[in-house]
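What you see is a predicted model; the values in this text were computed from it and never measured. Numbering of residues begins at 1 and proceeds along the displayed sequence. All ligand and atom numbering here is 1-based and tracks the order in the structure.
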Amino acid sequence: MILSIVVAISENNAIGKDNKLLWHLPADLKHFKETTSGHTIIMGRKTYESIGRPLPNRRNIVITRNSELALEGVEVYNGMEQALTQCRNEAEVFIIGGAEIYKHALKHASKIYLTRVHETYEADTFFPELEPESWTETQVEHYQPEAKNPVAYTFSILQRN
Ligand SMILES: NC(=O)c1ccc[n+]([C@@H]2O[C@H](COP(=O)([O-])OP(=O)(O)OC[C@H]3O[C@@H](n4cnc5c(N)ncnc54)[C@H](OP(=O)(O)O)[C@@H]3O)[C@@H](O)[C@H]2O)c1
């Protein structure tokens, strides 16, 4: 099974504030949907609350320490290892955040679908620093700001060396 991370990160490694995203980038939401549709997504309980519902056309898995949490349309597990065991027959599984879950997953992930948002934001949630020697960029697409997506951004894929 390939364990992949999907994340959008600003220039100062920010990913969120007040349990929300920091930007409105419809192009990135579309990219996220195309990347993850038809697959399994794993997220932390706070990210699930931020989204507010299971995402359609995907197997939704939420990780929490609360053994009583039950969510409709979602599989709930009390740890990452448990969640990954349940996914062992899948070809590729997508870790979609947030910071706590990325921190656990980064050790095991072999691929990162990275959106770099070329702006700096005040934030309370950050992605861990990536070790450049551990990753090779295998695809990259740069986009300039325009009316609907008012900041520059880059989609890339990183593969673990
Ligand atoms: N830019 C992006 O691409 C992106 C993507 C996703 C999220 N975000 C942002 O990230 C922020 C949320 O991130 P976050 O770090 O605060 O929260 P999070 O990682 O989404 O969720 C944290 C929660 O996950 C559960 N958890 C974490 N580790 C666990 C473990 N080892 N075992 C069992 N449960 C565990 C706990 O839930 P309980 O408290 O229920 O036990 C913990 O409170 C928001 O601002 C969101 O918008 C950004």
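Summary of contacts: the protein heavy atom closest to atom 20 (O) of ligand 1 is T47 OG1, 2.6 Å. For atom 34 (N) of ligand 1, the nearest protein heavy atom (residue, atom name, distance) is T64 C, 3.2 Å. Of the protein's non-hydrogen atoms, the one nearest atom 14 (P) of ligand 1 is A99 N, 3.8 Å. Ranking protein heavy atoms by distance to atom 30 (C) of ligand 1, first place goes to R65 NH2, 3.5 Å. Shortest contact from atom 39 (O) of ligand 1 to any protein heavy atom: R45 NH2, 2.7 Å.
For the pair K20 and ligand 1, a heavy-atom separation below 4.0 Å is found.
In this structure, I15 and A99 approach most closely via the heavy-atom pair CD1-N, 3.7 Å.
Every atom of ligand 1 with a heavy atom of I96 under 4.0 Å away is listed here by number and element: 5 (C), 6 (C). Numbered from 1 in the order shown, with element, the atoms of ligand 1 that lie under 4.0 Å from a heavy atom of G16 read 45 (O). Of all atoms in ligand 1, listed by their number and element, those nearer than 4.0 Å to a heavy atom of G97 are 6 (C), 20 (O).
Two residues are said to be in side-chain contact when any heavy atoms from C-beta on lie closer than 4.5 Å; P54 and Y48 meet this criterion.
An N or O contact shorter than 3.5 Å links H104 to ligand 1 by distance. At least one N or O atom of I15 sits closer than 3.5 Å to an N or O atom of ligand 1. Note: an N/O pair closer than 3.5 Å links A8 and ligand 1 by distance alone.
The neighbour count for E131 CD, taken as heavy atoms of other residues, nucleotides or ligands under 6.0 Å away, does not exceed 12. More than 12 non-hydrogen atoms from other residues, nucleotides or ligands lie less than 6.0 angstrom from CD of E133.
Comparing heavy-atom distances from atom 33 (C) of ligand 1 across I51, N78, D28, D18 singles out N78 as nearest. Summarising the contacts of atom 16 (O) of ligand 1 with E100, E49, K46, the nearest heavy atom is found in K46.
For the residue pair S37/N57, the side-chain donor-acceptor check at 3.5 Å is not satisfied.
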